[in-house]
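The structure appears right after this line, and notes come after that.
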2 protein chains.
Amino acid sequence: MNSQTKENYLKSIYFLSKKNKEISLTELSDLMNVSKPTANNMIKKLTLIGWVSYEKYKPILLTDKGEKEASLIVRKHRLSEIFLSKIMGFGWEEVHDIAEDMEHLKSEKLFDRMNELLGFPKVDPHGSPIPNKSGEIYEESYINFSKIEHGNNVRLCALENSSKELLVYLNNKNIRLGTELFIKHIEPFDNSVVVNYDGYKSVTLSYEVIKNFLVEKI
Amino acid sequence: MNSQTKENYLKSIYFLSKKNKEISLTELSDLMNVSKPTANNMIKKLTLIGWVSYEKYKPILLTDKGEKEASLIVRKHRLSEIFLSKIMGFGWEEVHDIAEDMEHLKSEKLFDRMNELLGFPKVDPHGSPIPNKSGEIYEESYINFSKIEHGNNVRLCALENSSKELLVYLNNKNIRLGTELFIKHIEPFDNSVVVNYDGYKSVTLSYEVIKNFLVEKI
DNA sequence: TATATAAGTTAGACTAATCTAACAAATAGA
DNA sequence: TCTATTTGTTAGATTAGTCTAACTTATATA
Ligand SMILES: [Mn+2]
Ligand SMILES: [Mn+2]
Ligand SMILES: [Mn+2]
Ligand SMILES: [Mn+2]
C-alpha cells in the first residue's frame with residue numbers, strides 16, 4: 001500500500017499540473033513545505049511507482065496512472081466533504097481539514113456507501129466536481145464573476161481556492177452556493193462590485209472576494 | 001502528535017492488561033505481529049511518552065496516562081463502529097475493519113458530532129461499552145451464557161471477542177443483540193445448547209459459539 | 001557572451017519502525 | 001540445584017521520510 005505521505009505528494013502534483021502541465025521541484029517543495037532535496041528524493045520514488053515521469057533537471061510530469069490515482073484521492077476527499085456537510089451538519093468552512101485526513105481511509109465500501117447515502121452528488125460543498133470511480137471528472141464551465149458586467153443577474157455555483165477565511169467571510173455575509181446576485185455597479189478603481197441578493201441591498205464585495213466566485217448567468 | 005503505529009501498540013497493551021495487569025514482551029510482540037526486538041524497542045519509546053512503565057526483564061505496566069489515552073482511542077473506534085452501523089447501514093460484521101482505520105482520525109469534533117447524531121450511545125454494535133470523553137468506561141455486568149442453566153430465558157446483550165466469522169454465523173442464524181433465547185437443553189458431553197428464539201425452535205448452538213454470548217436473565 | 005542567480009543534485013546525517021543473528025537472563029523441571 | 005528452555009536484550013542492518021551543507025547545472029540579464 002502507498003503511504004499517506006506519498007498520496008499527499010501526488011495530490012499536490014495533481015493540483016499543480018492543473019495550472020501548468022510541467023511542474024518544477026521548487027513549486028512542489030514549496031507547496032509541500034519540505035526542502036528541495038526531500039522533494040527530489042520523493043520524486044524519484046514516485047517515478048518508480050509510475051505516478052510521475054522525471055529526468056534530472058527536467059520538469060516533473062504526471063503520468064496517466066498518477067492522474068487517475070490522484071483523482072481517486074480527490075474523489076474520496078470531496079465525498080468526505082459533502083458527507084460531513086450534508087449528513088453530519090458541518091459548515092463548508094469546517095470540512096476541508098477533516099477530509100484531508102479522511103481521504104486516506106482505505107475502505108472502498110465506505111466511500112461507495114457515502115456516495116449512495118448522498119444520492120450520488122456531483123459536487124462538494126464548495127462546488128468542486130467529484131471525480132467518478134474511474135477517476136474521470138466533469139467540470140462545469142462556469143464564468144468567473146469578475147468577467148461579468150453590471151446589470152446582470154448571476155447564481156454563485158462554485159468557488160476556486162476556497163480558504164477557510166473566505167468561507168467564514170461569506171457566512172457572515174449570508175452568501176452561499178446558489179445565492180443569486182444582481183450586479184448594480186462595478187467600481188473601476190479597485191474592481192470591487194456592489195450587489196443585491198436575498199434581503200441585502202447594495203453590498204460591496206472586494207475584488208479579493210469576487211475573483212473566487214464561479215457563477216452562471218440567469 | 002503520536003503515530004498510528006504507537007496508538008496501535010497502546011491499544012494492544014490496553015486490551016492485554018484488561019486480562020492481566022502484567023504484560024510480557026512476548027504477548028505484545030505476538031499480538032502485534034512483530035519480532036520481540038521490535039516490541040522491545042517500541043516499549044522503550046512508549047515509556048518515554050509515559051504510556052507504560054518498564055524496567056529490563058520486568059513485566060510491562062500500563063500507566064494511568066496510557067490507560068486514559070487508550071480509552072480515548074477505543075472511544076473513537078466504538079463510536080465509529082456504531083456510526084457505521086446505525087447511520088451508514090453497515091452490518092455489525094463489517095464495521096470493525098473500517099473503524100480500525102477511523103480511530104486514528106484526529107478531529108475531535110468529528111467524533112463529538114457522531115456522538116450527538118447517534119444520541120449519545122452507550123455501546124458499540126457488538127455490545128461493548130463506549131468510554132466517555134474523560135476515558136471512563138462503565139461495564140455492564142452481564143452473565144456468560146455458558147453459566148446459565150436450562151429452562152431460563154435470556155437476552156443477548158453483548159459479545160466478547162466478536163470475530164467476523166462469528167458475526168456472519170450469527171447473521172445466518174438470525175441472532176442479533178436483543179434476541180431472546182430460551183434454553184431448552186444443555187448437552188453435557190460438549191456443552192452445546194438447544195435454544196428457541198423468535199420463529200426458531202430447537203436450534204443447536206455449539207460451545208464455541210455460546211461461550212462468546214454475554215446475556216441478562218429475563 | 002559572461003557571469004550572477006536560481007534551480008536542482010549529492011552527500012551525509014537523523015528519527016521511526018522494522019528485521020535477523022547472537023547473546024544474556026530468568027525460569028521450570030528433572 | 002543444575003541445566004534446558006523460554007524470555008528478553010543488544011547489535012547491526014534496512015526502508016521511509018526528513019534535514020543541512022556543499023556542489024552542479026541551467027537561466028536570465030548585463
Ligand atoms: Mn477540500
Ligand atoms: Mn491528505
Ligand atoms: Mn471493533
Ligand atoms: Mn488501529
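We name chains A, B, ... by the order of the sequence lines, and we start the count at 1 in each one.
Remark: A:Thr5 is not in phosphate contact with D:dA16, judged by side-chain N or O atoms under 4.0 Å from OP1 or OP2. Side-chain N/O atoms of A:Ser35 include none lying less than 4.0 angstrom from OP1 or OP2 on D:dT18. OP1 and OP2 of C:dA7 both lie 4.0 Å or more from every side-chain N or O belonging to A:Ser24.
Of the residues in residues 46-55 of chain B, B:Tyr54 come within less than 4.0 Å of DNA chain D through at least one heavy atom, sorted by number.
If you measure from atom CG of A:Asn33 to atom C1' of D:dG17, you get 15 Å, rounded to the nearest angstrom. If you take CG of B:Asn41 and C1' of D:dG12, they are 13 Å apart, rounded to a whole angstrom. C:dA16 atom P lies 17 Å from atom CG of B:Asn8, rounded to whole Å. To the nearest angstrom, P of D:dT24 lies 19 Å from CG of A:Leu25. Regarding B:Glu27, its CD atom lies at a distance of 10 Å from the P atom of D:dT7, rounded to whole Å. Whole-Å rounding puts the A:Lys45 NZ to D:dT15 P distance at 10 Å. Atom P of nucleotide C:dG8 and atom CG of A:Asp30 are separated by 10 Å, given to the nearest angstrom. With rounding to whole Å, B:Met1 atom CE is found 20 Å from C:dT15 atom P.
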Report, one pair per line, the protein and nucleotides 10-12 of chain C atoms (nitrogen or oxygen only) whose separation is under 3.5 Å.
residue : atom : partner : partner atom : Å
C:dT10  : OP1  : A:Lys56 : NZ           : 2.7
C:dT10  : OP2  : A:Lys44 : NZ           : 3.1

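Remark: A:Lys11 engages A:Glu103 in a salt bridge, criterion side-chain N to carboxylate O under 4.0 Å. Salt bridge A:Glu81/A:Arg78: absent, no basic N to carboxylate O contact under 4.0 Å.
Atom OH of B:Tyr169 has more than 12 neighbouring heavy atoms from other residues, nucleotides or ligands inside a 6.0 Å radius. Other residues, nucleotides and ligands contribute at most 12 non-hydrogen atoms within 6.0 Å of the CG atom of B:Asp64. More than 12 heavy atoms of other residues, nucleotides or ligands shown are found within 6.0 angstrom of NE2 on A:His185.
When each of D:dA16, C:dC19, C:dA7 is scored by its nearest atom to the side-chain atoms of A:Thr26, the top-ranked nucleotide is C:dA7.
For the residue pair B:Asn8 / B:His104, a side-chain donor-acceptor distance below 3.5 Å is found, with atom types taken as modelled.
For A:Glu108, the salt bridge (Lys or Arg N to Asp or Glu O under 4.0 Å) partners two or more places apart in sequence, or in a different chain, are A:Lys133.
Side-chain N or O atoms of B:Lys217 include none that pairs as donor or acceptor with a backbone N or O of B:Ile143 at under 3.5 Å.
Along DNA chain D, the nucleotide closest to A:Tyr9 and the one closest to A:Tyr57 are compared, and the more 5′ of them pairs with A:Tyr9.
Between B:Phe213 and B:Phe145, the ring planes lie tilted relative to each other; the angle falls in the 30° to 60° range.
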